[in-house]
Amino acid sequence: MPELPEVEVVRQGLERGVVGRTVATVTVGHPRAIRRHLAGESDFIALLAGRRIEAARRRGKYLWLPLDSGDVLQAHLGMSGQLLVVPPDKPAETHLRVRLVFLDGGHELRYVDQRTFGGLAVVASEVTGGAGQPAGIRHIAPDPLDPAFDPVAFRGALRRRRTGIKRALLDQKLVSGVGNIYADEGLWRASLHYARPTETLRGPEVARLLAGLRAVLAEALTAGGTSFDATYVSAEGVSGLFARELAVYGRAGQPCRRCGTPIRREKFMNRSSYTCPRCQPRPRRARW
DNA sequence: CTTCAAACCTGTGGGC
DNA sequence: TGCCCACAGGTTTGAA
């Protein structure tokens with residue numbers, strides 16, 4: 001669901017809404033939402049109660065809140081997760097899974113998730129990580145907008161792969177934050193087909209792809225993210241406006257914004273891929 | 001080690 | 001109205 005722009009919008013909302021505040025009580029409404037917290041519900045609650053939230057951080061699609069205990073509250077929104085900062089008297093959402101009440105009696109932090117693919121966990125922060133990065137997400141690569149992102153390493157890693165370019169873009173170990181929407185949008189901007197074998201990519205093509213990804217991610221972030229419905233909203237419940245800027249995603253049959261050819265939708269990796277048949281011709285050697 | 005399909009969930013919308 | 005299928009922005013798992 002949420003990709004880099006949407007998750008970053010949530011992070012910014014958490015920075016405004018919960019950083020500097022101290023947790024009073026925690027309620028877990030669905031055990032599946034904290035299944036990654038292996039020690040269980042009572043341990044999860046005990047590690048949060050009385051702790052002050054020091055910051056709101058993100059890597060790729062992962063979020064975490066460093067606590068004054070040295071632990072971090074880690075979150076992944078999965079396909080349908082939301083972290084909402086709402087008044088305590090607001091009625092419970094249908095899929096409310098976890099509720100954090102604060103000592104100051106102000107707005108609560110609620111984890112709401114229809115499908116529960118995402119969830120929360122309290123984990124020890126990585127000692128050597130510097131920024132207190134959770135140990136469990138060390139394998140997540142920097143995102144294309146991160147100063148730590150290394151384009152040379154990215155190109156090398158791509159060339160060593162034996163798969164199609166879109167599959168590689170969705171692999172968070174290579175580059176993070178990119179999901180189905182922004183992979184399709186980035187590939188369209190670079191005029192590359194999703195089934196292009198990674199090992200055949202030339203240097204300029206990788207540079208074009210990276211530039212396309214960076215541009216679309218930055219523009220989407222400025223617009224507050226992509227939101228087709230009320231599932232993808234900021235911590236304050238606001239929908240982003242980037243859906244109307246999309247070039248290919250969800251635009252099957254509509255004219256390509258570059259050449260007018262109707263956008264094509266295909267099933268790929270158990271999901272949909274959108275391409276312009278003219279701007280992004282299928283490579284002779286296709287791989288997926 | 002890499003690659004890939006299936007599984008994990010709940011809900012919505014379209015066709016009949 | 002109801003039923004059934006396809007589909008939804010992600011990650012993990014296990015098999016090959």
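Everything numeric in this text was worked out from a predicted model, so none of it was measured. By convention in this document, chain letters (A, B, ...) are assigned in the order of the sequence lines, proteins followed by strands, and residues within each chain are numbered from 1.
- In this structure, Leu77(A) places its CG atom 15 Å from C1' of dA8(C), rounding to the nearest Å.
- Using a cut-off of 4.0 Å between Lys/Arg side-chain N and Asp/Glu carboxylate O, Glu199(A) and Arg160(A) are scored as not salt-bridged.
- Look at Gln172(A) and you'll find a side-chain N or O under 4.0 angstrom from OP1 or OP2 of dT11(C).
- Only at 4.0 angstrom or more do the heavy atoms of residues 265-273 of chain A sit from any atom of DNA chain B, so none qualifies.
- Ionic pairing of Arg189(A) and Glu185(A) is not present here: no N-O contact between side-chain nitrogen and carboxylate oxygen is shorter than 4.0 angstrom.
- In terms of position on DNA chain B, the residue among Arg287(A) and Thr94(A) whose nearest nucleotide sits closer to the 5' end is Arg287(A).
- Rounded to whole Å, the distance from NZ on Lys166(A) to P on dA5(B) is 14 Å.
- Here Phe117(A) lies parallel enough and close enough to stack on the base of dG10(C), with planes under 30° and ring centres under 5.5 Å apart.
- Nucleic acid contact for Phe228(A): base, since at least one base atom lies under 4.0 Å from a heavy atom of the residue.
- Between His139(A) and Arg115(A), the residue anchored closer to the 5' end of DNA chain C is Arg115(A), taking for each the nucleotide with the nearest heavy atom.
- Ionic pairing of Arg51(A) and Asp71(A) is not present here: no N-O contact between side-chain nitrogen and carboxylate oxygen is shorter than 4.0 angstrom.
- Look at Thr163(A) and you'll find a side-chain N or O under 4.0 angstrom from OP1 or OP2 of dC4(B).
- The number of heavy-atom neighbours closer than 6.0 Å to CZ of Arg278(A), taken from other residues, nucleotides and ligands shown, is 12 or below.
- Between Glu245(A) and Arg257(A) no salt bridge is recorded (no basic side-chain N to carboxylate O distance below 4.0 Å).
- Spacing between dC9(B) and dG14(C) at atom P, rounded to whole Å, works out to 14 Å.
- The phosphate of dT12(C) has neither OP1 nor OP2 within less than 4.0 Å of any side-chain N or O from His76(A).
- In this structure, Arg32(A) reaches the dC9(B) phosphate: one of its side-chain N or O atoms is under 4.0 Å from OP1 or OP2.
- Distance Leu170(A) CG to dC4(B) C1': 13 Å, rounded to the nearest Å.
- Taking atom CD of Gln82(A) as the reference point, atom C1' of dA8(C) lies 14 Å away to the nearest angstrom.
- Salt bridge absent: Glu205(A) and Arg202(A) never bring a charged side-chain N and a carboxylate O closer than 4.0 Å.
- Salt bridge present: Glu266(A) and Arg282(A) bring a charged side-chain N and a carboxylate O closer than 4.0 Å.
- Separating the CG atom of Asn180(A) from the C1' atom of dA8(C) is a distance of 10 Å, rounded to the nearest angstrom.
- The OH atom of Tyr274(A) lies 14.5 Å from the CG atom of Leu187(A); values are rounded to the nearest 0.5 Å.
- Salt bridge annotation for Lys90(A)-Glu108(A): absent, with no cationic side-chain nitrogen under 4.0 angstrom from a carboxylate oxygen.
- Side chains of Lys61(A) and Ser176(A): a donor-acceptor N/O pair is absent below 3.5 angstrom, by distance only.
- For Arg161(A) and dT3(B), the shortest distance from a side-chain N or O to OP1 or OP2 is below 4.0 Å.
- Near DNA chain B, defined here as any heavy-atom distance below 4.0 Å, there are no residues from residues 235-244 of chain A.
- Between dC5(C) and dA7(B), the distance separating the two P atoms is 16 Å to the nearest Å.
- As a whole-Å value, the separation of Asp171(A) CG from dT12(C) P is 11 Å.
- Taking a cutoff of 4.0 Å between a charged side-chain nitrogen and a carboxylate oxygen, Asp104(A) and Arg21(A) qualify as a salt bridge.
- If you measure from atom CE of Met79(A) to atom C1' of dA7(B), you get 13 Å, rounded to the nearest angstrom.
- Put simply, SG on Cys276(A) and NE2 on His193(A) are 10.5 Å apart, with the number rounded to the nearest 0.5 Å.
- Per the geometry, NE2 belonging to His30(A) stands 12 Å off C1' belonging to dC8(B), to the nearest Å.
- The side chain of Arg167(A) contributes an N or O atom lying less than 4.0 Å from OP1 or OP2 of dC4(B).
- With dT11(C), dG10(C), dC9(B) as the choices, the nucleotide that has an atom nearest any side-chain atom of Tyr62(A) turns out to be dT11(C).
- Nearest to the side chain of His95(A), among dG11(B), dC8(B), dG9(C), sits dG11(B).
- Stems are defined here as 3 or more consecutive Watson-Crick or G-U wobble pairs with pairing distances under 3.5 Å; those involving DNA chain C are B:2-8 with C:10-16, B:10-16 with C:2-8.
- Taking the six-membered ring where tryptophan is involved, the planes of Tyr182(A) and Phe242(A) are tilted, since the angle between them lies from 30° to 60°.
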